[in-house]
A.B. asks: 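If you scroll down you'll find the structure; I have some questions about it.
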Amino acid sequence: MDKISQINGISSLPYTSRVSLVAQAGTNAPTETILENSAGITLTWSRLSSGMYRATYGSAVDLSKTTLRIGNAYQFSEIIGVIIDSTTTQFQLAIEADNLGGVDAALTNTMLEIRVYL
């Protein structure tokens with residue numbers, strides 16, 4: 001597969017990124033399939049409670065240059081995922097269902113993207 005080396009006359013992107021598909025089952029911590037990691041970011045996941053997960057960075061990030069985005073692929077349509085409590089060393093992911101609060105086993109190949117702008 002060829003990599004894009006130029007877009008609209010720009011020879012490189014203004015950021016590096018880490019893109020993964022996140023899944024979670026039972027009361028286990030989430031797992032990931034890494035699709036791209038030009039940012040070199042590592043994450044360690046833990047389950048805090050039903051529907052609440054923490055991702056800890058392998059090394060601190062600069063919050064003034066880092067963005068996080070979670071996709072909307074969940075087990076059921078009434079599920080929502082929100083990234084909360086983002087710091088230089090970790091962020092938390094809350095997965096909630098309408099009228100049920102936090103729920104487990106709802107992440108099914110849900111896209112997570114972290115961009116670090118140069």
Side-chain angles (χ1 to χ4, degrees):
M1 176 191 294
D2 292 330
K3 290 187 176 186
I4 297 174
S5 61
Q6 190 172 51
I7 300 173
N8 294 333
I10 300 171
S11 62
S12 64
L13 295 172
Y15 59 84
T16 58
S17 64
R18 180 189 192 277
V19 180
S20 65
L21 298 175
V22 183
Q24 189 275 330
T27 58
N28 296 320
T31 59
E32 293 180 282
T33 300
I34 307 295
L35 302 177
E36 190 271 330
N37 192 4
S38 60
I41 293 172
T42 59
L43 294 177
T44 301
W45 287 92
S46 57
R47 179 184 178 273
L48 303 176
S49 62
S50 184
M52 186 66 69
Y53 314 102
R54 175 178 293 135
T56 303
Y57 294 111
S59 59
V61 299
D62 181 347
L63 292 181
S64 70
K65 295 182 178 185
T66 304
T67 63
L68 301 168
R69 184 169 60 132
I70 187 78
N72 61 355
Y74 304 106
Q75 183 69 27
F76 305 104
S77 62
E78 67 277 359
I79 303 289
I80 186 167
V82 180
I83 295 170
I84 59 173
D85 192 30
S86 180
T87 71
T88 60
T89 59
Q90 58 90 32
F91 64 89
Q92 290 182 26
L93 177 59
I95 305 298
E96 296 187 351
D98 236 2
N99 300 319
L100 294 177
V103 293
D104 284 324
L107 294 169
T108 56
N109 288 327
T110 305
M111 185 275 304
L112 173 68
E113 180 181 28
I114 303 170
R115 285 187 182 179
V116 180
Y117 286 83
L118 308 173

A.B. asks: Taking all non-hydrogen atoms of both residues into account, name the closest pair between Pro30 and Ser46 and its distance.
C.D. replies: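 Where Pro30 meets Ser46 most closely, the heavy atoms are CD-O, 4.3 Å.
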
A.B. asks: If you take all heavy atoms of Gly102 and Ser50, which pair is closest and at what distance?
C.D. replies: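 For Gly102 and Ser50, the tightest heavy-atom pair comes out as O-OG, 3.1 Å.
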
A.B. asks: Verify whether one side chain among Gln92 and Tyr53 offers a donor that lies under 3.5 Å from an acceptor in the other.
C.D. replies: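 No pair is found: no donor N or O on one side chain lies under 3.5 Å from an acceptor on the other.
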
A.B. asks: Is it true that Arg47 and Asp104 have a side-chain N and a carboxylate O under 4.0 angstrom from each other?
C.D. replies: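 Here Arg47 pairs with Asp104 in a salt bridge, since their nearest N and O are under 4.0 Å apart.
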
A.B. asks: Are Met52 and Ile80 co-members of a hydrophobic cluster defined by side-chain heavy atoms under 4.5 Å apart?
C.D. replies: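 Both belong to a single hydrophobic cluster.
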
A.B. asks: Answer yes or no: is there a donor N or O on one side and an acceptor on the other, between the side chain of Ser20 and the main chain of Val22, under 3.5 Å?
C.D. replies: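 The answer is no, because no donor-acceptor pair under 3.5 Å joins these two groups.
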
A.B. asks: Do the non-hydrogen side-chain atoms of Arg115 and Thr16 ever get within less than 4.5 Å of each other?
C.D. replies: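 Answer no - side chains too far apart.
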
A.B. asks: Within a strict 4.5 Å, meaning less than it, do heavy atoms of the Tyr117 and Thr66 side chains meet?
C.D. replies: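 Tyr117 vs Thr66: side chains apart.
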
A.B. asks: I want to check something: taking the side chain as every heavy atom from C-beta on, are Glu32 and Trp45 in contact at a cut-off of under 4.5 Å?
C.D. replies: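 Glu32 reaches Trp45 side chain to side chain.
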
A.B. asks: Can you tell me how far the CG atom of Leu112 sits from the CG atom of Leu93, to the nearest 0.5 Å?
C.D. replies: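 Nearest 0.5 Å value for the CG-CG distance: 7.5 Å.
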
A.B. asks: Find out whether Ile114 and Tyr15 are in side-chain contact, i.e. whether some heavy atom of one side chain is under 4.5 Å from a heavy atom of the other.
C.D. replies: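 No, every pair of side-chain atoms sits at 4.5 Å or beyond.
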
A.B. asks: Tell me whether Leu43 is reachable from Ile83 by hopping between hydrophobic residues (I, L, V, M, F, W, Y) whose side-chain heavy atoms are closer than 4.5 Å.
C.D. replies: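 In one cluster: yes.
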
A.B. asks: Is there a path of hydrophobic side-chain contacts, each under 4.5 Å between heavy atoms of I, L, V, M, F, W or Y residues, that connects Val116 with Ile70?
C.D. replies: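 Result: yes, single cluster for both.
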
A.B. asks: Show your working on side-chain contact (heavy atoms from CB on, under 4.5 Å) between Ile79 and Ile95 and close with a plain yes or no.
C.D. replies: CA-CA 7 Å; Ile79 303 289; Ile95 305 298; 3.5 Å; yes

A.B. asks: Determine whether Leu35 and Leu107 fall in the same hydrophobic cluster, where Ile, Leu, Val, Met, Phe, Trp and Tyr are linked whenever their side-chain heavy atoms lie under 4.5 Å apart.
C.D. replies: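 No; Leu107 is not reachable from Leu35 via cluster members.
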
A.B. asks: Answer yes if the side chains of Glu36 and Ser17 hold a donor-acceptor pair under 3.5 Å, and no otherwise.
C.D. replies: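 Yes, a side-chain donor-acceptor pair sits under 3.5 Å.
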
A.B. asks: Provide the closest heavy-atom pair for Val103 versus Ala97 in the form atom of the first, atom of the second, distance.
C.D. replies: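 Closest approach of Val103 to Ala97, heavy atoms only: CG1-CB, 3.8 Å.
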
A.B. asks: Indicate if Val19 and Leu68 have the same hydrophobic cluster label, given that clusters are the connected sets of ILVMFWY residues with side-chain heavy-atom separations under 4.5 angstrom.
C.D. replies: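 No, Val19 does not connect to Leu68 through the hydrophobic network.
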
A.B. asks: Gln90 and side chain to side chain donor-acceptor pair (under 3.5 Å): which single residue from Asp85, Thr56, Thr44 fits?
C.D. replies: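 One option only clears the test, and that one is Asp85.
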
A.B. asks: Is a side-chain donor or acceptor of Thr88 paired with a backbone partner of Val61 at a separation under 3.5 angstrom?
C.D. replies: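 It does not hold such a pair.
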
A.B. asks: Could you tell me whether the side chain of Asn37 and the main chain of Ile41 form a donor-acceptor pair under 3.5 Å?
C.D. replies: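 Answer holds: yes.
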
A.B. asks: Using atom types as modelled and distance alone, determine if a side-chain donor or acceptor of Gln24 lies under 3.5 Å from a backbone N or O of Ala105.
C.D. replies: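 Present.
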
